[in-house]
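Here's the structure we're looking at; comments come further down.
We use all heavy atoms of the structure for the numbers below, so side chains are in, but hydrogens, waters and symmetry mates are not. When a ligand or atom number is given, it counts from 1 through the structure's own listing order. For reference, positions follow the sequence shown, starting with 1.
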Amino acid sequence: MAMEDLAFIKGFCRLCDDGFKQGWHERNGGNLTYRMTDDEVAEAKPFFEEPREWVKMGVRGENLAGQYFVSTGSGKYMRNVLEDPYANIGIVEINETGDAFHIVWGLANGARPTSEFESHYMNHCVAAARTDGADRVIYHAHTPGIIEMSFVVPLGDRVFTRILWQMMTECVVVFPTGVGVVPWMVPGGPAIAEASSELMQTYDAIVWAHHGLFAAGPDFDTTFGLAHTVEKAAEIYLAARAANGGSDDFLNKISDKGLRDTCRDFGIKINEAFVD
Ligand code: 2HA
Ligand code: ZN
C-alpha cells in the first residue's frame, strides 16, 4: 500500500487525466484541489513526511482551518499527474488560524501547490459554508468553448446562464442556480480570488473570461460532470451560431416555460432571477 493506492488520490489523478484528454489542459494550464475527509486523513497519515515550512497565504479562511487538501503543483502539467502523482501533486495542511499551509506529502523536489491555491482555498471556504461542508472539490480548466463564448457574449451572469441553459435540455438540472461570470483579470492574484469567492456564494460554476472555468462540487464525478456539461453547452452554442450564419437568433429554442417545467418535474429550484 502507498499513498498512490488510496481511493481519493486515484480519483484526483483520474480527474486530471480526464481533463487533459478533453483538451482542457495545455502545458501547465488548469488546477485541482480536494479537501480530504477525516477518514481519508487518517488513512493517509502513515505516508506523511516531515512537514515543510509554513507558507503564509494572502487570504484567511477560518472555517477550514486545520483541514488537509490535495493540490496540483504550480507549473505542473495535468498530462503528467496520473503517471507520477508524487512529483506533480501534493497534500498540504492548513494551520489553525486558516492563513498558512505546509506540505506534508508529494510535490517532490521543492515544488509548490498551484499558483491559484489562494483562490481555491478562499472558494473552498465559501463553498463549504454554503453547502454545510458537502463541497470538497475546486477545479479550474481552460475549457475552449467557454473561452470562445467570452469573446462574443456580454460578460454577465444572466446572459451566460440563459444561453447555456437553452443549449441542452438537462443543463438547467445540472446547474439550476446558473453560472457567474468574472471579467478578464490577472490570473493567480488576490483580485480573481476575491471576485470568484463573491460569486461562489451563489454559483457552483464560474466563467473566467478569456481564461476558462472554475467549478466546485462535493466529489470528483459531480465537479468534472459540471465542467463537462457547461463546456459542452458552450460548444453547442458556438456550433449552432456558426451554423446559423453567426447569429444566435435561432429558429427553435427551449422556452422559459420549458426551463421551469423541467425544474418542476425534477424537483429542482431554478434561479428565478434568470427566467422570464
Ligand atoms: O497555469 O491555469 O490560472 C495554471 C493556471 C492558472
Ligand atoms: Zn488558468
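Considering backbone and side-chain N/O atoms, W208 never comes within less than 3.5 Å of an N/O atom of ligand 1. Not one N or O of S115 is nearer than 3.5 Å to an N or O of ligand 1, by distance alone.
Two rings, from F48 and Y68, have their centers less than 6.0 Å apart.
At least one heavy atom of H142 sits under 4.0 Å from some atom of ligand 1. The closest approach between G30 and ligand 1 falls below 4.0 Å for a heavy atom of the residue.
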Test salt bridge (Lys or Arg N to Asp or Glu O under 4.0 Å) on K76 and D84 and set out the steps.
-> CA-CA 11 Å; K76 301 300 183 186; D84 190 356; over 6 Å; no
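Per-residue contacts place H140 under 4.0 angstrom from the following atoms of ligand 1 (heavy atoms of the residue considered): 2 (O), 3 (O).
By the 4.5 Å heavy-atom criterion applied to side chains, D157 and Y203 are counted as neighbours. Residues H25 and Y77 have side chains not in contact (no heavy-atom distance under 4.5 Å, counting atoms from C-beta outward).
Using the six-membered ring where Trp is involved, H120 and H124 have ring planes that are tilted, between 30° and 60° apart. Under the 30°/60° scheme for interplanar angles, the aromatic rings of F220 and F12 are found to stand perpendicular.
Remark: R264 engages D261 in a salt bridge, criterion side-chain N to carboxylate O under 4.0 Å.
Of all protein heavy atoms, the one closest to atom 5 (C) of ligand 1 is N31 ND2, 3.4 Å. Looking at atom 6 (C) of ligand 1, its nearest protein heavy atom turns out to be E116 OE2, 3.2 Å. Nearest protein heavy-atom neighbour of atom 1 (O) of ligand 1: N28 O, 3.0 Å.
To the nearest 10 degrees, the angle centred on the Zn ion (ligand 2) between NE2 in H140 and NE2 in H211 reads 90°.
Nearest to the Zn ion (ligand 2), among the N, O or S atoms that H142 has, is NE2.
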